[in-house]
Each structure stands twice: as C-alpha cells, then as structure tokens.
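Notes follow once the structure below has been shown.
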Amino acid sequence: MLRKIDTKKKLLLFPVMFMIIVILSGIVYSHWSNQSNIRNEIALEANEFVQQILKGRISVYQFLRSPSDKTAQKVREDFSLLNQKVLTFKSRLSLEKNRILSDEIILNSKKYVEFFDTFSNQRVKDFENGIKDESSDIKNTISQMVQVYISLESKVHEIREGAVSLRIKSNESLNNILIIVAIVSILLFIVI
C-alpha cells in the first residue's frame, strides 16, 4: 500500500503523523496526570486524618492531666473537626469501599466521644471533689474508649493506605500508557 504512494507524499506524511502523536500524547498525559493529581490530593487529605486523630488523642491526655470542662471541650472539638474533614473527604471518593470506611470512621469517632462524655463528666466531678483515683466504672469506660479508638485508628490507616495505593497505581498507569504511545509511534515510523 505504501509503495504506491510517491516519496513526496510519504515525506509529507511524517510531520502530520508527528503532530498527531504529539497531540495524542498530550491528551493522554493531561488526562492521566489529572487523575494522578486528584489521587495525590486525596492521599494527602487521608494523611491529615492521621494527624487529626493524634491531636484528639493528645487532647485526651491533656484532659487526663487536668480534668476540666475546658479540656473536655477541646477533645470534643478535635473529634468534631475529624468528622467534618471525613465528611468532606467522603464526597470526593470514587470507591465504595472507601466510602464505607469513611462512614465507619465517623461512627467510631462519635462512639469514642460518647464514651469520653460519660467518662469526662464523672472524672471532672471526682477531680473537683478531690478524688484522684479512678473508680472501676471509669476504668471500664476507659477500656471501652481504647477499643473504639483502636478500631478508629485502624480504619483511618486503612483508608490512607488505600488512597496511597490508588495514587501509585495512577502514576504507574500514566507511565505505562506513555510508554505504549511511544512504542506505537516508533513502530508506525518504522513501518512507513
């Protein structure tokens, strides 16, 4: 087929093919680069959850050192902020598994705060009355809080790992597609 085309037309075909390949490469790169950037942003947001959950834990330790309504409110605010960030994050997710994990994070966070409220109300009263030792009820509530916190932390790490994994896959897909376009282009030039 190409033997029937004269040399002048064949030479004109190269710049046209080159322009088509460059445009195709640009479109492919733009699309997959955007996907990669979005997934990178999501992975960074997931990292913020880890930081926010640690801030909440620090607030609980500060409450334990100095039980008061002010330090208890700080704990509630930290976990409320975590819930708001997760809700915003959930609206941007595409995988159903990550949406379910987001719901579980919010549910565990609310459970944790409920246990904390029970604990904090009793602990503030005891502290104001000069009772420094924790009662068995308080110790039981703390034990439940720890279990919920462990579950909460594992869900946050699971969603973060999933987001990082998707980001890596997106970058690999971008590289693979660009390599395929380059190989097809080389083969086309060789054939012509």
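The analysis underlying the following values was restricted to heavy atoms, covering all of them including side chains, and did not include hydrogens, waters or symmetry mates.
Phe49 and Leu54 end up in the same hydrophobic cluster when Ile, Leu, Val, Met, Phe, Trp and Tyr side chains are linked at under 4.5 Å. Ile159 and Leu87 fall within a single hydrophobic cluster, where Ile, Leu, Val, Met, Phe, Trp and Tyr are joined by side-chain heavy atoms under 4.5 Å apart, directly or via other members. Residue Val60 is not grouped with residue Ile58 when hydrophobic side chains (ILVMFWY) are merged at heavy-atom distances under 4.5 angstrom, including chains of intermediate members. Under the 4.5 Å side-chain heavy-atom criterion for Ile, Leu, Val, Met, Phe, Trp and Tyr, Val50 and Tyr149 are members of the same hydrophobic cluster. Both Leu101 and Ile150 belong to a common hydrophobic cluster when Ile, Leu, Val, Met, Phe, Trp and Tyr are linked at side-chain heavy-atom distances under 4.5 angstrom.
Using a 4.5 Å heavy-atom cutoff, the side chains of Asn98 and Leu166 are in contact. When side chains are defined from C-beta on, Gln73 does not count as touching Lys70, because their heavy atoms never get closer than 4.5 Å. Side-chain contact between Trp32 and Asn37: absent, with no pair of heavy atoms (C-beta onward) separated by less than 4.5 Å. No side-chain heavy atom of Lys74 sits less than 4.5 Å from a side-chain heavy atom of Lys55. Between Arg39 and Val164, every side-chain heavy-atom pair lies at or beyond the 4.5 Å cut-off. Proximity of Leu81 to Gln84: side-chain heavy atoms (C-beta onward) are separated by under 4.5 Å at one or more points. In this structure, the side chains of Ser68 and Glu128 stay at 4.5 Å or more apart for every pair of heavy atoms. No side-chain heavy atom of Thr71 sits under 4.5 Å from any side-chain heavy atom of Ser59.
Side-chain atoms of Gln52 come within 3.5 Å of backbone N or O of Asp78 as a donor-acceptor pair. For Ser66 (side chain) and Gln62 (main-chain N/O), no donor-acceptor pair under 3.5 Å exists by modelled atom type. Between the side chain of Ser25 and the backbone N or O of Ile21, at least one donor-acceptor pair lies under 3.5 Å.
Looking at every heavy atom in both residues, Leu152 comes nearest to Ser109 through CD1-N, 4.0 Å. Between Val86 and Ile105, the closest heavy-atom pair is CG2-CG2, 3.8 Å.
Around NZ of Lys111, the count of heavy atoms belonging to other residues, nucleotides or ligands within 6.0 Å does not exceed 12.
Side-chain contact check for Tyr61 and Arg57: at least one donor-acceptor pair (N or O, by modelled atom type) lies under 3.5 Å. If you check the side chains of Ser30 and Ser33, you find no donor sitting under 3.5 Å from an acceptor.
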- Message: Using the rule given for side-chain contact (heavy atoms from CB on, under 4.5 Å), can you reason through Leu174 versus His31, listing the C-alpha separation, both sets of side-chain angles and the distance that settles it, and then say yes or no?
- Response: CA-CA 9 Å; Leu174 174 62; His31 172 73; over 6 Å; no
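Screening residues 160-179 for side chain to side chain donor-acceptor pair (under 3.5 Å), with sequence neighbours left out, gives Ser36-Asn171, Asn40-Arg167.
We find the CD1-NZ distance between Ile100 and Lys90 to be 9.0 Å, quoted to the nearest 0.5 Å. Taking CD of Gln144 as the reference point, atom CD of Gln147 lies at 9.0 Å (rounded to 0.5 Å). One distance of note links CD of Glu77 with OG of Ser80; it measures 8.0 Å at 0.5 Å rounding. Atom CG of Asn140 and atom CE of Met145 lie 12.0 Å apart (nearest 0.5 Å). Separation of atoms CG (Leu107) and CD (Glu104) is listed at 8.0 Å; rounding is to 0.5 Å. Between atom CZ of residue Phe115 and atom OG of residue Ser143 there is a gap of 9.5 Å, rounded to the nearest 0.5 Å.
Among residues two or more places apart in sequence or in another chain, the salt bridge (charged side-chain N to carboxylate O under 4.0 Å, His left out) test is passed with Glu41 by Arg92.
Ring planes of Tyr112 and Phe79: tilted class, angle from 30 to 60°.
For Phe116 and Phe63, the distance between ring centers is under 6.0 angstrom.
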